[in-house]
Amino acid sequence: MPISTSSESFQAAFIQSYKQDGDAVRAELSMGLLAPQAMTSPKYLYDALGSRLFAAICELPEYYPTRTEAAIFADHLPEIAQSVGTGATLIDLGAGNCAKAARLFESLQPSQYVPIDISVDFLRDAVGLLKQQYPEIEMLGLGLDFSGAMILPQAVQRRQRLFFYPGSSIGNFNPPQAVEFLRRLREACEVDGHAEGGLLIGVDLIKDKAILDAAYADALGVTAAFNLNLLSHLNNLLGANFYLRDWRHRAFFDVERSRIEMHLEARRGATVIWKGGQRHFVEGERIHTENSYKYTQDGFIKLLEQAGFGRVSTWTDRRNWFMVCHAHAV
Ligand code: AVJ
């Protein structure tokens, strides 16, 4: 007779509420592509291959954010854990392969781990594997788009919610949008009319333009592949006929706006047809695919305060390239 084990505890629960083939998605994409300055939301960079290419970006010598943030966490883990406390409901926004949160499990001992990602299949596999490694932690994977409303299912514990938003993904929002987004997180920390928990967030800081430019236009061309892969994702989502060889990757730091802009630029005239529209792009015309805002330490703390967070603790690396903040919902 087989030994009976509680197989339940090795199984992570998963809820998918994001459907990538909706009419709404197609309408949003069409509108962006037809705008005078064509644009797409950066969330469409993350199909299954896009998520893998992003993981490869994080290994690049030029892409300092991931390793700088990891070093800050490694060097200051006891202080960070002290500030956060144990037993939180750890809600991981844009969890990807869940590796960053997993490194905090031992110190933070979350009572529930809730990884959220728009890249549903990628997340389902990742959380499945993680649950095998940490059967004692309750896990609930959520395949959803959290860039709009923050609607969490009932099964997500209310008490001591700690939103974990590493990697400087907050940089994808412009500052007013970032405040709005952070306010929604603050709102979700409300328990019976009072504030509990908080936010643990990674923020990329303003630095020399040459370093920023190189981080988003690496020598190997992985970021270029990541950006170009958006077009094959659009081909799938929209039934479009983007020909990838007609486009080139562009990325640069705009000092005035304090943001990286990422674009796809037509190498030659290209007519693109998709379900719901068509457009001719002339040579040199661009599709704006991502912004990545960079902050000063003080500037970002002000955003947190505007959003209803306070008692902010910060940790940085020696070069002051990146910052990790823990802020309480107040
Ligand atoms: C995942 C939004 C943090 O802005 O640095 C990396 C995405 N784009 N290289 C960033 C990205 C190009 C990344 N974030």
Side-chain angles (χ1 to χ4, degrees), residues 39-70 72-73 92-101 115-119 122-123 126 145-147 163-175 177-178 181-182 199-209 211-231 233 247-254 257-265 286-295 300 303 317 321-325:
M39 58 86 70
T40 52
S41 162
K43 69 190 177 198
Y44 297 111
L45 292 162
Y46 301 92
D47 63 354
L49 179 56
S51 295
R52 289 187 168 84
L53 289 167
F54 180 67
I57 286 173
C58 295
E59 306 281 326
L60 294 170
E62 297 96 331
Y63 194 72
Y64 62 85
T66 313
R67 90 178 58 80
T68 308
E69 182 183 54
I72 295 169
F73 274 109
D92 189 351
L93 303 172
N97 62 17
C98 306
K100 290 178 183 181
I116 306 181
D117 209 287
I118 195 171
S119 197
F122 191 82
L123 178 65
D145 173 13
F146 59 80
S147 63
F163 286 97
F164 181 49
Y165 201 30
S168 199
S169 291
I170 190 74
N172 276 163
F173 297 105
N174 67 34
Q177 289 170 336
F181 176 75
L182 294 170
L199 172 67
L200 183 60
I201 188 167
V203 186
D204 199 12
L205 301 175
I206 296 169
K207 60 186 63 61
D208 196 80
K209 175 171 161 62
I211 293 160
L212 287 163
D213 285 343
Y216 291 81
D218 61 278
L220 261 181
V222 182
T223 309
F226 173 67
N227 197 10
L228 286 162
N229 176 64
L230 170 81
L231 297 178
H233 193 202
W247 299 84
R248 72 158 55 94
H249 169 68
R250 291 281 186 210
F252 52 86
F253 185 59
D254 181 329
R257 291 170 152 141
S258 194
R259 71 187 195 192
I260 292 279
E261 289 189 13
M262 200 162 81
H263 298 258
L264 289 161
E265 183 181 294
R286 290 171 176 176
I287 303 171
H288 188 173
T289 57
E290 185 177 47
N291 290 321
S292 187
Y293 281 82
K294 309 302 171 189
Y295 288 95
F300 193 77
L303 287 197
D317 56 294
W321 278 8
F322 200 94
M323 165 172 74
V324 170
C325 300

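What you see below is based on every heavy atom in this structure, not just the backbone, and it leaves out hydrogens, waters and symmetry mates. For ligands, and for the atoms within them, numbers begin at 1 and follow the listed sequence. Residue indices begin at 1 and follow the sequence shown.
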### Message
Please confirm whether the ring centroid of Phe252 lies under 6.0 Å from the ring centroid of His263.
### Response
yes

### Message
Donor-acceptor pair, distance only, cut-off 3.5 Å: does the side chain of Ser258 make one with the backbone of Lys294?
### Response
yes

### Task
For Asn172 and Asn291, indicate whether the former's side chain and the latter's backbone hold a donor-acceptor pair under 3.5 Å.
yes

Could you pull out every N or O of ligand 1 that sits under 3.5 Å from a protein N or O, with the distance for each pair?
{"unit_1": "ligand 1", "atom_1": "4 (O)", "unit_2": "Tyr216", "atom_2": "OH", "d": "3.4"}
{"unit_1": "ligand 1", "atom_1": "4 (O)", "unit_2": "Ser292", "atom_2": "OG", "d": "2.7"}
{"unit_1": "ligand 1", "atom_1": "5 (O)", "unit_2": "Tyr63", "atom_2": "OH", "d": "2.5"}
{"unit_1": "ligand 1", "atom_1": "5 (O)", "unit_2": "Tyr216", "atom_2": "OH", "d": "2.5"}
{"unit_1": "ligand 1", "atom_1": "8 (N)", "unit_2": "Glu290", "atom_2": "OE1", "d": "2.6"}

#### Entry: Positive for side chain to side chain contact (heavy atoms under 4.5 Å, CB included) with Ile201, one of Tyr165, Phe163, Phe164
Tyr165

### Task
Decide side chain to side chain contact (heavy atoms under 4.5 Å, CB included) for Glu261 and Arg250; before the verdict, give the C-alpha distance in whole Å, the side-chain angles of both, and the deciding distance to 0.1 Å.
CA-CA 8 Å; Glu261 289 189 13; Arg250 291 281 186 210; over 6 Å; no

All N/O donor-acceptor pairs, side-chain side in residues 50-60, below 3.5 Å, sequence neighbours left out:
{"unit_1": "Ser51", "atom_1": "OG", "unit_2": "Asp47", "atom_2": "O", "d": "3.3"}
{"unit_1": "Ser51", "atom_1": "OG", "unit_2": "Ser119", "atom_2": "OG", "d": "3.0"}

